[in-house]
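Have a look at the structure below, then the notes.
Reminder, nothing fancy here: chain letters follow the sequence lines and each chain counts from 1.
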Protein chains: 2
Amino acid sequence: MPGKNNSNIPEVVVQRLPQYVRALTQLHNRNIEVVSSKELGDALGVTPVQIRKDLSYFGRFGKQGRGYNVVFLLQELRHVLGLDKQWTAAVIGIGRLGSAILSYPGFGQEGFNMVAAFDSAPLGIGSRIGELIVQNIDELERTVKSKAIDIVIIAVPAEQAQSVTDRVVKCRVKAILNYAPIKVQVPSDVRVREIDPVLALQSMTFHLKSLHD
Amino acid sequence: MPGKNNSNIPEVVVQRLPQYVRALTQLHNRNIEVVSSKELGDALGVTPVQIRKDLSYFGRFGKQGRGYNVVFLLQELRHVLGLDKQWTAAVIGIGRLGSAILSYPGFGQEGFNMVAAFDSAPLGIGSRIGELIVQNIDELERTVKSKAIDIVIIAVPAEQAQSVTDRVVKCRVKAILNYAPIKVQVPSDVRVREIDPVLALQSMTFHLKSLHD
DNA sequence: CTAACTTTGCGAAATTTTTAACAATCGACC
DNA sequence: GGTCGATTGTTAAAAATTTCGCAAAGTTAG
């Protein structure tokens, strides 16, 4: 059953794979050629079994008594995740947050290329951020098509997030990264990931509370 | 068993509570006084049973045939999560990201007060961001104590994240929000939440891939 | 070449999390 | 005050996820 074609892969597993890729990349940069599930697990704070089980959904990549060839496993996982392709992304909402996102080099380094920026405020439209000109949101539909945008990053205020999302969904975009502090509704074939530091903090205070006085 | 004192609450449940708080706050702002688990679930994209089950870990807050009083439930959940307290936070790493974090008004609005900022580069130290003066990282230990810092937000480059974390942990800080693209190791009594947009994107491309030719 | 040791991959067991089912209770209306 | 529809809270079942246990296979050392 190695190299299973597509789905009924648990979503939790898919969400752990990028971490494995990152850890393997670091090992590769340190010229480490072979790694065991034990070592990889230690680096990531997960159990070795977890890693072996996760990998087994996609194939057999290791050697008994030895471990995994770092370069090979990296290649395989990057392929599984589609990280061997280039992806196009657009940012909507070019305020402080949106500008920071556009300027962050980390996306491009990983193959996520920012190819368009949109805003609704006439003030910002036309201004340049890096190599992009901020476009009027009215041009969204046309540009998604012409630039074949795969992913949309939403950085508008909470009040506008749902309506912007609806427009994005209508353009047949299937992946949204949402920085707005609101849970947007989308059809089930559209993936959304939330970036929400306030929620993250709020789930920690539950534990801090009992600690504190 | 209503009003269970403390732990053996599943962590998944704790992480959903802040979302409920947010949705309830929105309902409150719209002057809605009562909400059913069905309605709340629809707003959040979770099932009504999920909500009722989650709430049942902490007490009995609803009325059969009617639903939940929004203000009351909000109050209770905010208390459960410790959101009725003020919390102090410090940011380490005042580059583009760190500055954006310090300037973001969303934290203060929710009771997370930024009370210190640290950097290691002599260039930035002493400069003012909002009402804070950027301090030398050497003053970390002293300041955590003197300002009773509850939460540390890490916004340094990946290479420095682990060593900064180690220092933070030594100061007995029990909650870390990590923006660095690396999984930091901490003792089990320290909570870490990762903010990692690249990982989020990378777990979506898995699904996009099979879609995309 | 053999023995001792290491580590994978996988089926099965254990645990955790979600979902279903339903009695109990509330509110409204007649 | 009795009936009807709505909705909670909880126990039980189902589903999902993690962990265990171990045979098979590779490595190292003598």
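- There is no side-chain donor-acceptor pair under 3.5 Å between A/Arg96 and B/Ser103.
- A distance-only check finds a donor-acceptor pair linking the side chain of B/Lys147 to the backbone of B/Val115 [under 3.5 Å].
- For the residue pair A/Thr88/A/Asn113, the side-chain donor-acceptor check at 3.5 Å is not satisfied.
- Rounded to a whole Å, the CG atom of B/Asp42 is 11 Å from the P atom of D/dT7.
- Distance alone, capped at 3.5 Å, is enough to place a donor-acceptor pair between the A/Thr205 side chain and the B/Leu81 backbone.
- Applying the 4.0 Å criterion to OP1 and OP2 of D/dG9, one finds that B/Arg52 has every side-chain N and O outside that range.
- Regarding contacts with the backbone of D/dA25, every side-chain N or O of A/Arg66 stays at 4.0 angstrom or more from both OP1 and OP2.
- Inter-residue side-chain proximity for B/Leu55 and B/Tyr68 is flagged as met; some heavy-atom pair is nearer than 4.5 Å.
- Counting to the nearest Å, the C1' atom of C/dT8 and the CD1 atom of A/Ile51 are 13 Å from each other.
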Please produce a list of atom pairs where a protein N or O lies less than 3.5 Å from an N or O of nucleotides 18-20 of chain C.
from	atom 1	to	atom 2	distance (Å)
C/dT18	OP1	B/Arg16	NH1	3.0
C/dT18	OP2	B/Arg16	NH1	3.4
C/dT18	OP2	B/Arg16	NH2	2.9
C/dT18	OP2	B/Gln50	OE1	3.4

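- Distance CZ (A/Arg60) to P (C/dT8): 12 Å, rounded to an integer number of Å.
- Rounded to an integer number of Å, the gap from A/Ile9 CD1 to D/dT17 P is 12 Å.
- Look at B/Asp196 and A/Arg22 and you find a salt bridge, because one of the NZ, NE, NH1 or NH2 atoms lies within 4.0 Å of a carboxylate O, short of that distance.
- Within residues 67-74 of chain B, no residue places a heavy atom under 4.0 Å from DNA chain C.
- Sparse packing is recorded around CZ of A/Arg66, with 12 or fewer heavy atoms of other residues, nucleotides or ligands lying under 6.0 Å away.
- Considering only the side chain of A/Ser56, C/dC10 comes nearest among C/dC10, D/dG26, C/dA24.
- With respect to the salt-bridge test (charged N to carboxylate O, under 4.0 angstrom), the residues A/Lys38 and A/Asp42 qualify.
- Residue B/Glu110 comes nearest to A/Gln202 through the heavy atom pair OE1-NE2, 3.4 Å, listed as atom of the first residue, atom of the second, then distance.
- Between the side chain of B/Arg78 and the backbone N or O of B/Leu83 there is at least one donor-acceptor pair closer than 3.5 Å.
- Of the candidate nucleotides C/dT17, D/dT7, C/dG9, C/dT17 has the atom lying nearest to any side-chain atom of B/Pro10.
- B/Leu208 is listed as a side-chain neighbour of A/Lys174, based on a closest heavy-atom distance under 4.5 Å.
- For the segment residues 33-41 of chain B, the set of residues with a heavy atom within less than 4.0 Å of an atom of DNA chain D comprises B/Ser36, B/Ser37, in numerical order.
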